[in-house]
Structures are given as C-alpha cells and as structure tokens.
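Remarks on the structure that follows.
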Amino acid sequence: FTRSQYVFHDYLIGGMNPVMRNQVSFAGLQDGAVTANSLVKGAINWRYQFTGSIYAAATFNLMYHSFLEERFDTYPNNLLSGYGLTLGIDSPIGPLEFSFMYGDQAQRLKNYVNLGFKFSRQMF
C-alpha cells in the first residue's frame with residue numbers, strides 16, 4: 001500500500017497470455033508495455049466453439065493503474081481499454097491461436113500468435 005517499493009515488485013501490463021512474473025494480461029497492449037505499482041482490472045471474455053477443435057474468442061478489458069497515494073481523478077490517462085479477437089485451432093501439437101488486438105490509447109491494430117502449451121513450474 002505504498003509507492004516506495006522495489007521496481008521488480010511492480011506489475012507488467014500487456015499481452016494476451018502472462019509469461020513473466022507479475023505480468024497481467026491485457027488485450028490491446030504488447031507484453032510488458034506498461035508498468036504499474038497498483039491496478040484494478042475488469043474483463044469480459046466470450047468464447048464460441050464452432051466444432052470440436054475450432055473456436056473463436058472475444059475479449060474486452062478495462063483497467064485503472066498506478067493509483068497508490070494519488071486521487072483517482074488526478075491522472076485520467078491511467079485508464080486503459082483494449083479489445084481482442086482470437087481464432088484458435090486445437091492441433092496435435094497444442095493450441096494454435098491467431099489474435100488481433102486494439103487499444104484505445106495506442107490506436108493501433110496489433111497481432112499475436114500463440115502455438116503450443118505454456119510450461120510452468122506448476123506442471124512439474
């Protein structure tokens with residue numbers, strides 16, 4: 001509950017899937033595009049299975065970040081919003097996903113490709 005903390009305790013915001021320590025996924029931003037000491041995030045996710053192995057997904061994110069020891073209305077550009085559309089296929093080598101992301105602040109369309117399973121310490 002303070003801003004005076006080590007930088008590696010901050011959150012890294014961005015990307016479709018968290019791959020780093022303290023990373024918070026956020027459609028519309030590249031991996032680790034924003035760092036913050038605090039955040040509140042809300043997301044709406046929808047997924048539709050066309051067949052047994054083909055699916056589509058949509059994501060809407062909204063986040064307010066870096067608000068410790070500051071008033072909520074002091075920095076209005078700390079409010080982020082982003083959208084993502086994904087088409088995925090479950091293949092024998094793992095899921096293959098193609099995503100398009102758009103962030104209102106960056107105003108750029110970005111792509112993201114994910115192939116295979118994520119391996120983490122919890123698996124071993």
Side-chain angles (χ1 to χ4, degrees):
F1 296 102
T2 179
R3 292 183 67 187
S4 60
Q5 63 185 9
Y6 294 111
V7 71
F8 41 99
H9 290 300
D10 284 350
Y11 296 99
L12 299 170
I13 303 168
M16 295 293 283
N17 294 315
V19 293
M20 296 176 274
R21 180 184 173 277
N22 286 351
Q23 182 179 357
V24 177
S25 62
F26 193 85
L29 296 173
Q30 297 291 355
D31 287 324
V34 176
T35 59
N37 61 4
S38 54
L39 61 94
V40 174
K41 175 188 169 187
I44 297 173
N45 299 304
W46 175 79
R47 182 173 165 155
Y48 182 76
Q49 196 87 21
F50 293 111
T51 66
S53 63
I54 299 174
Y55 58 91
T59 302
F60 168 71
N61 301 305
L62 190 62
M63 177 183 295
Y64 190 80
H65 67 87
S66 301
F67 55 82
L68 286 180
E69 295 183 3
E70 303 291 341
R71 292 172 35 108
F72 275 102
D73 58 351
T74 304
Y75 297 105
N77 52 346
N78 286 2
L79 182 66
L80 301 175
S81 57
Y83 317 90
L85 290 174
T86 300
L87 179 63
I89 301 168
D90 289 329
S91 69
I93 60 171
L96 176 61
E97 296 178 339
F98 301 98
S99 300
F100 291 100
M101 306 181 295
Y102 180 80
D104 289 329
Q105 290 67 35
Q107 297 182 347
R108 290 184 49 206
L109 187 65
K110 299 173 183 152
N111 60 358
Y112 181 83
V113 177
N114 183 32
L115 173 63
F117 293 100
K118 293 188 309 181
F119 293 101
S120 64
R121 292 187 303 183
Q122 290 83 9
M123 295 181 67
F124 301 104

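Fair warning: this is a prediction, and the values are worked out from it, not measured in the lab.
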(request) State the CD1-NZ distance between I13 and K41, to the nearest 0.5 angstrom. (result) 9.5 Å

(message) Within this structure, what is the CG-NE2 distance for the pair L80 and H65, rounded to the nearest 0.5 Å?
(response) 4.0 Å

(request) State plainly whether one hydrophobic cluster holds both W46 and I44, where clusters connect Ile, Leu, Val, Met, Phe, Trp and Tyr through side-chain heavy atoms under 4.5 angstrom apart. (result) no

(request) Would you confirm whether N61, through its side chain, and A27, through its main-chain N or O, come within 3.5 Å as a donor-acceptor pair? (result) yes

(message) Nearest 0.5 angstrom please: N37 CG to D10 CG, how far?
(response) 6.0 Å

(request) Apply the test side chain to side chain contact (heavy atoms under 4.5 Å, CB included) to residues V24 and M63: give CA-CA distance (whole Å), side-chain angles for both, the deciding distance (0.1 Å), then the verdict. (result) CA-CA 11 Å; V24 177; M63 177 183 295; 4.0 Å; yes

(message) Would you say that Q107 contacts Y102 through its side chain, given a criterion of any heavy-atom pair below 4.5 Å between the two side chains?
(response) yes

(request) Find the distance between CG (L12) and CZ (F26) and round it off to the nearest 0.5 Å. (result) 14.5 Å

(message) Could you see if I93 belongs to whatever hydrophobic cluster contains V113? Use Ile, Leu, Val, Met, Phe, Trp, Tyr and a side-chain cutoff under 4.5 Å.
(response) yes

(request) Compare all side-chain heavy atoms of Y55 with those of D90 and state whether any distance is below 4.5 angstrom. (result) yes

(message) Tell me whether Y83 shares a hydrophobic cluster with Y112, the cluster being built from Ile, Leu, Val, Met, Phe, Trp, Tyr side chains joined at under 4.5 Å.
(response) no

(message) Please tell me whether L109 and F60 are part of a single hydrophobic cluster in this structure, the criterion being side-chain heavy atoms less than 4.5 Å apart.
(response) yes

(request) Using modelled atom types only, decide if a donor and an acceptor are shared between the side chain of Q30 and the backbone of G14 within a distance under 3.5 Å. (result) no

(request) Rounded to the nearest 0.5 Å, what's the gap from CG on L85 to CE on M101? Could you check? (result) 11.5 Å

(request) Compare all side-chain heavy atoms of I54 with those of L87 and state whether any distance is below 4.5 angstrom. (result) yes

(message) If I take atom OG from residue S81 and atom CD from residue Q105, how far apart are they, to the nearest 0.5 angstrom?
(response) 4.5 Å

(message) Less than 6.0 angstrom separating the ring centers of F50 and Y48, yes or no?
(response) yes

(message) Could you report the tightest heavy-atom contact between T86 and S99, atom names first, then the distance?
(response) OG1-OG, 2.7 Å

(request) Check the side chains of N17 and S25 for a donor-acceptor pair under 3.5 angstrom, ignoring hydrogens and angles. (result) no

